Student: 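Mind looking over this structure? Questions follow.
Everything numeric in this text was worked out from a predicted model, so none of it was measured.
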Amino acid sequence: MMKEFLMTSAFFGVFLSLITYEIGVFVRKKTGLTFLTPLVTATAIVIVVLVLTGIDYETYKTSTSVLTYFLTPATVCLAVPLYQKLEILKKNFVAVILGIVSGVLVSALTILGFCILFKFDHVSYVSLLPKSITTAIGISVSEELGGIVAITTAAIIIAGNVGGMFAEIIFKIFRINEPISKGLALGTASHVMGTSKAMEIGELEGAMGSLAIAVAGIITVVVLPFFANLV
């Protein structure tokens, strides 16, 4: 009876997602572990709940449609901190654009290299290419190139989580202290999740991350068809 109730509930997925995310926030504050992001914790708990209750992913996905609807406007709202730091962007415009372009090319070349090394087929290759751009754009690009959306989505989530979990550690190891560099790196490599982490680090970092998401998405859409024909 409980399973049937949860499966037919229109807001089961929304409730579960919000509660598990809040648990993730609580765990992060209590442990102080930078790599233990709320999203990682929430994802793990959701998986456990779905397995224990026997509820399939499609049912959960359908019941989270309200949250999914707000994903695009929430992403657009990331432009607000960028507008507030517009003067800084103007002063560093060339360096910012070159940094984002470099990030996009390195991402594509890395996927190309690994796919050649491990002999992935063309479908798997084009499915992985959009890993560093936001989900809405990445899925569309994957479909256009003939990739598998499920693989693309998983790759995007992993790229975002890795950026959020290990960004601060990587910055310390390589002594990256410039706020603009941090924001651009996170936004270009880890899209929205990376930008969220950038906002935690600082206001300027968050603004640059917001810019990187948009510009990296546009550049990726332009260059990926070329890379898609290389394998």
Side-chain angles (χ1 to χ4, degrees), residues 7 10 12-14 16-17 20-21 37 39-40 42-51 54-76 78 103-165 186-196 212-231:
M7 291 183 67
F12 161 68
V14 174
L16 178 60
S17 300
T20 52
Y21 187 83
T37 64
L39 186 59
V40 171
T43 301
I45 297 175
V46 168
I47 292 173
V48 171
V49 171
L50 294 183
V51 171
I55 297 174
D56 60 272
Y57 173 72
E58 288 301 321
T59 301
Y60 167 74
K61 181 181 177 181
T62 301
S63 63
T64 59
S65 57
V66 175
L67 289 178
T68 306
Y69 175 80
F70 286 105
L71 180 61
T72 300
T75 304
V76 173
L78 293 174
V104 171
L105 293 179
V106 167
S107 174
L109 288 171
T110 301
I111 294 298
L112 173 62
F114 276 111
C115 286
I116 292 175
L117 179 63
F118 294 105
K119 299 180 180 179
F120 286 3
D121 58 28
H122 177 76
V123 174
S124 299
Y125 169 61
V126 296
S127 300
L128 293 172
L129 274 177
K131 70 172 182 62
S132 291
I133 55 178
T134 188
T135 307
I137 302 175
I139 290 176
S140 298
V141 171
S142 178
E143 291 176 339
E144 188 69 25
L145 297 177
I148 301 173
V149 172
I151 294 178
T152 302
T153 303
I156 291 173
I157 292 174
I158 291 172
N161 280 326
V162 169
M165 291 169 64
L186 280 165
T188 303
S190 301
H191 46 82
V192 176
M193 299 180 201
T195 300
S196 176
I213 291 176
V215 178
I218 295 171
I219 296 173
T220 301
V221 170
V222 173
V223 303
L224 282 201
F226 167 75
F227 278 94
N229 294 321
L230 297 180
V231 172

Student: Out of Asn229, Leu230, Val223, Leu224, which one pairs with Phe226 under the side chain to side chain contact (heavy atoms under 4.5 Å, CB included) rule?
Tutor: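 In the set Asn229, Leu230, Val223, Leu224, the residue that makes a side chain to side chain contact (heavy atoms under 4.5 Å, CB included) with Phe226 is Leu230.
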
Student: So which atom in Pro130 and which in Val141 form the shortest heavy-atom distance, rounded to 0.1 Å?
Tutor: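 Of all heavy-atom pairs spanning Pro130 and Val141, the closest is CG-CG1, 4.1 Å.
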
Student: Please round to the nearest 0.5 Å and tell me the distance separating atom OG of Ser127 and atom CG of Leu145.
Tutor: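 So the gap between those two atoms works out to 9.0 Å.
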
Student: What pair of heavy atoms forms the shortest contact from Ser190 to Ala159, and how long is it?
Tutor: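 Heavy-atom minimum between the residues: OG-O, 3.0 Å.
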
Student: Report the distance from atom OH of Tyr125 to atom CD1 of Ile116, rounding to the nearest 0.5 Å.
Tutor: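 Atom-to-atom, Tyr125:OH and Ile116:CD1 are 7.5 Å apart.
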
Student: If you look at every heavy atom in Ile156 and His191, which pair is closest and at what distance?
Tutor: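 Where Ile156 meets His191 most closely, the heavy atoms are O-NE2, 2.7 Å.
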
Student: Heavy atoms, side chains only, cut-off 4.5 Å: are Phe12 and Ile55 in contact?
Tutor: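 They are in side-chain contact.
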
Student: Mind listing the closest non-hydrogen atom pair of Val221 and Ile137 along with its distance?
Tutor: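 For Val221 and Ile137, the tightest heavy-atom pair comes out as CG2-CG2, 3.7 Å.
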
Student: Please report the interatomic distance OG1(Thr220) to CG(Leu105), rounded to the nearest 0.5 Å.
Tutor: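 These two atoms lie 9.0 Å from each other.
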
Student: Which label fits Phe114 and Phe118: parallel for a plane angle under 30°, tilted from 30 to 60°, or perpendicular past 60°?
Tutor: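 The arrangement is parallel - the two ring planes meet at less than 30°.
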
Student: Would you check if the side chain of Thr110 reaches a backbone N or O of Val106 as a donor-acceptor pair within less than 3.5 Å?
Tutor: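 Yes, the answer is positive, given that a donor and an acceptor are paired below the 3.5 Å cut-off.
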
Student: Answer yes or no: is there a donor N or O on one side and an acceptor on the other, between the side chain of Tyr60 and the main chain of Ile47, under 3.5 Å?
Tutor: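 Absent.
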
Student: Kindly give the heavy-atom pair with the smallest separation between Cys115 and Leu128, and that separation in Å.
Tutor: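 Result for this residue pair: SG-CD1, 4.4 Å.
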
Student: Measure the spacing between CD of Glu144 and CD1 of Ile139 and express it to the nearest 0.5 Å.
Tutor: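 Reported to 0.5 Å precision, the distance equals 14.0 Å.
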
Student: Can you tell me how far apart OG1 (Thr135) and CD1 (Ile157) are? Round to the nearest 0.5 Å.
Tutor: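 Result: 6.5 Å between the selected atoms.
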
Student: Out of curiosity, Ile148 CD1 to Ser124 OG, how far, rounded to the nearest 0.5 Å?
Tutor: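 Nearest 0.5 Å value for the CD1-OG distance: 5.5 Å.
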
Student: Tell me the closest heavy-atom pair linking Lys131 and Ser107, and the distance in Å.
Tutor: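 Residues Lys131 and Ser107, closest heavy atoms: NZ-OG, 3.3 Å.
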
